[in-house]
Protein chains: 2
Amino acid sequence: MAAPLPAAPGGSRGRRPRRPSGDDRERAILTTAEDLLGRRPLADISVDDLARGAGISRPTFYFYFPSKDAVVLALLDRVVGEARESRSAALRRAGDDVRASWRGALEAVRSTFAAHRALTSAAASLLATSAEVRALWAAIMDGFVEETAAAIEAERARGAAPAGPPARDLAVALNWMNERVIHVTYAGQTPALAEDDLIDVLLTVWLRTVYGSDIPGTAPA
Amino acid sequence: MAAPLPAAPGGSRGRRPRRPSGDDRERAILTTAEDLLGRRPLADISVDDLARGAGISRPTFYFYFPSKDAVVLALLDRVVGEARESRSAALRRAGDDVRASWRGALEAVRSTFAAHRALTSAAASLLATSAEVRALWAAIMDGFVEETAAAIEAERARGAAPAGPPARDLAVALNWMNERVIHVTYAGQTPALAEDDLIDVLLTVWLRTVYGSDIPGTAPA
DNA sequence: AGACTAATCGACACCGTGTCGAGTCGCTCG
DNA sequence: CGAGCGACTCGACACGGTGTCGATTAGTCT
């Protein structure tokens with residue numbers, strides 16, 4: 001995971017504070033951020049809050065992170081890796097039960113998001129303002145799309161799925177659908193799905209899109 | 001110096017009041033906002049920019065709008081109405097060609113978004129911070145979902161569409177998919193679809209979801 | 001011990017927001 | 001006509017947040 005993590009001055013990441021727990025500070029900032037995000041939206045958290053929470057002064061905060069956003073980015077980086085890995089694993093753990101394999105991929109992403117609702121909301125709000133967050137998000141979505149497209153193509157190749165639009169295009173649509181539906185559902189917005197129905201509904205759309213025909217019955221006279 | 005945007009609204013009609021009327025000012029603020037949003041993101045536009053663009057001072061701005069967000073909300077309100085209406089019309093203009101009817105609904109939303117990319121991006125960034133914008137957005141999505149669910153149920157009732165998850169649940173997923181895919185595509189983010197393929201891909205997913213079966217072929221031994 | 005470096009923070013400059021109070025303008029009514 | 005009113009305007013200010021600079025301390029390394 002080589003994302004633009006916060007490095008203080010020089011390029012390489014070598015800072016190893018010996019005595020007074022300098023690296024602890026970084027961790028303290030991170031956990032403070034996670035904690036505060038659970039209580040109020042990112043916009044209502046100032047650098048000062050983060051600093052005080054970590055037991056340091058505001059200027060000192062800037063020794064560790066270039067900005068508030070960078071903290072969220074660092075947090076996000078971890079979670080994104082988690083999601084990616086757990087999803088790939090689920091997809092690889094396919095076996096012969098195709099349906100279970102798709103379900104596993106959906107479930108992997110869902111559970112990761114669910115475990116980090118607060119962070120996810122913060123990320124969503126940065127999506128609009130931070131190019132770095134946008135890049136990170138694009139990267140993970142790209143990975144999902146790539147993987148999904150490959151799976152669709154494999155299914156088409158073995159004759160299980162019908163032809164249609166480019167696999168990648170379907171994958172783009174399906175993965176963004178997931179992103180949004182999962183997000184609104186866990187962020188408590190509307191219109192959303194019930195948390196318990198989430199996976200079933202998404203899975204239905206995925207399966208019908210990948211395997212289903214798109215020829216509607218003609219209208220009755 | 002500050003050059004007020006639309007100084008003389010036209011008329012060969014004589015004798016406007018020396019001072020431009022309040023309505024003119026309000027309109028000037030709105031058009032300034034629209035104009036500036038075409039050049040830079042909302043976050044880079046200050047109340048002062050809006051005020052100067054409209055030829056008034058910053059405090060005067062607050063006479064017309066309570067905040068920068070309220071301006072975007074006002075703009076958004078118009079566009080949302082437009083989208084809603086044009087989509088309902090398309091859906092009502094159905095006729096017996098079911099496929100064309102679905103396509104029309106998709107196209108209606110697409111073209112409205114496309115005609116107001118800048119505003120849409122601004123709205124997206126406020127989604128995180130403004131409860132009013134969130135409410136407005138939720139309202140329009142709710143309307144879409146309601147309409148979509150009714151259409152799906154009608155198709156099921158006449159035997160054209162198979163049973164499955166509640167129509168409303170499918171409608172939620174499909175409409176959020178549209179929202180997101182259209183947004184990333186027109187905002188130039190990734191992964192996105194080509195603008196020309198947008199409708200075809202979305203339509204495929206919609207049709208397969210509404211009319212298709214979700215039973216994948218079993219894997220070969 | 002002297003030198004060097006990571007870490008720390010007080011103080012400051014800056015920017016954007018929102019409000020207050022003191023006006024101005026043009027209209028209407030007695 | 002001129003007094004009064006309500007719509008409108010803006011200079012000045014208070015506030016809260018950001019990011020930076022320079023001085024200072026505390027440990028580490030010859």
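Heavy-atom basis, side chains included; hydrogens, waters and symmetry copies ignored. All chains are named by letter (A, B, ...) in the order of the sequence lines, taking the proteins before the strands, and each is independently numbered beginning at 1.
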Looking at [options], which one has an atom nearest to any side-chain atom of [X]?
X     : options               : answer
B:Y64 : C:dG18, D:dC8, D:dC10 : D:dC8
B:Y62 : C:dG18, D:dC10, C:dT8 : C:dG18
A:F63 : C:dA6, C:dT17, D:dT20 : C:dA6

Can you tell whether the side chains of [X] and [Y] come within less than 4.0 Å, N to carboxylate O?
X      : Y      : result
B:D142 : B:R168 : yes
A:D200 : A:R103 : yes
A:R117 : A:E195 : yes

Spacing of [X] atom [atom1] relative to [N] atom [atom2], expressed in whole Å:
X     : N      : atom1 : atom2 : result
A:L50 : C:dC9  : CG    : P     : 15 Å
B:F61 : D:dC8  : CZ    : C1'   : 15 Å
B:F65 : C:dT17 : CZ    : C1'   : 17 Å
B:D44 : C:dG16 : CG    : P     : 10 Å
A:E26 : C:dT8  : CD    : C1'   : 16 Å
A:D23 : C:dA7  : CG    : C1'   : 13 Å
B:D48 : C:dG18 : CG    : C1'   : 13 Å
B:I45 : C:dC15 : CD1   : P     : 18 Å

Checklist entry - Under the criterion side-chain contact (heavy atoms from CB on, under 4.5 Å), which of A:V109, A:D197, A:L174, A:N178 is the partner of A:L202? => result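 It is A:N178, the one option of A:V109, A:D197, A:L174, A:N178 that forms the side-chain contact (heavy atoms from CB on, under 4.5 Å) with A:L202.
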Checklist entry - Reckon A:T60 has a side-chain N or O less than 4.0 Å from the OP1 or OP2 of C:dA7? => result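 It does not, given that no N or O in the side chain of A:T60 lies less than 4.0 Å from OP1 or OP2 of C:dA7.
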Next on the checklist: Between A:D49 and A:S46, do the side chains contain a donor N or O and an acceptor N or O under 3.5 Å apart?
Outcome noted: yes
Checklist entry - What residues, two or more places apart in sequence or in another chain, satisfy ring-ring contact (aromatic ring centres under 6.0 Å, His included) together with B:W206? => result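 With sequence neighbours excluded, B:W206 shows a ring-ring contact (aromatic ring centres under 6.0 Å, His included) to B:W102, given in chain and number order.
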Checklist entry - So what does A:S46 touch, heavy atoms closer than 4.0 Å: a base, only the sugar-phosphate, or nothing? => result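 Sugar-phosphate, no base atom in range.
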Between the protein and nucleotides 11-16 of chain D, are there any N/O to N/O pairs under 3.5 Å, and if so, what are the atom names and distances?
none

Checklist entry - Going by heavy atoms in the side chains, are A:D69 and A:E132 under 4.5 Å from each other? => result no
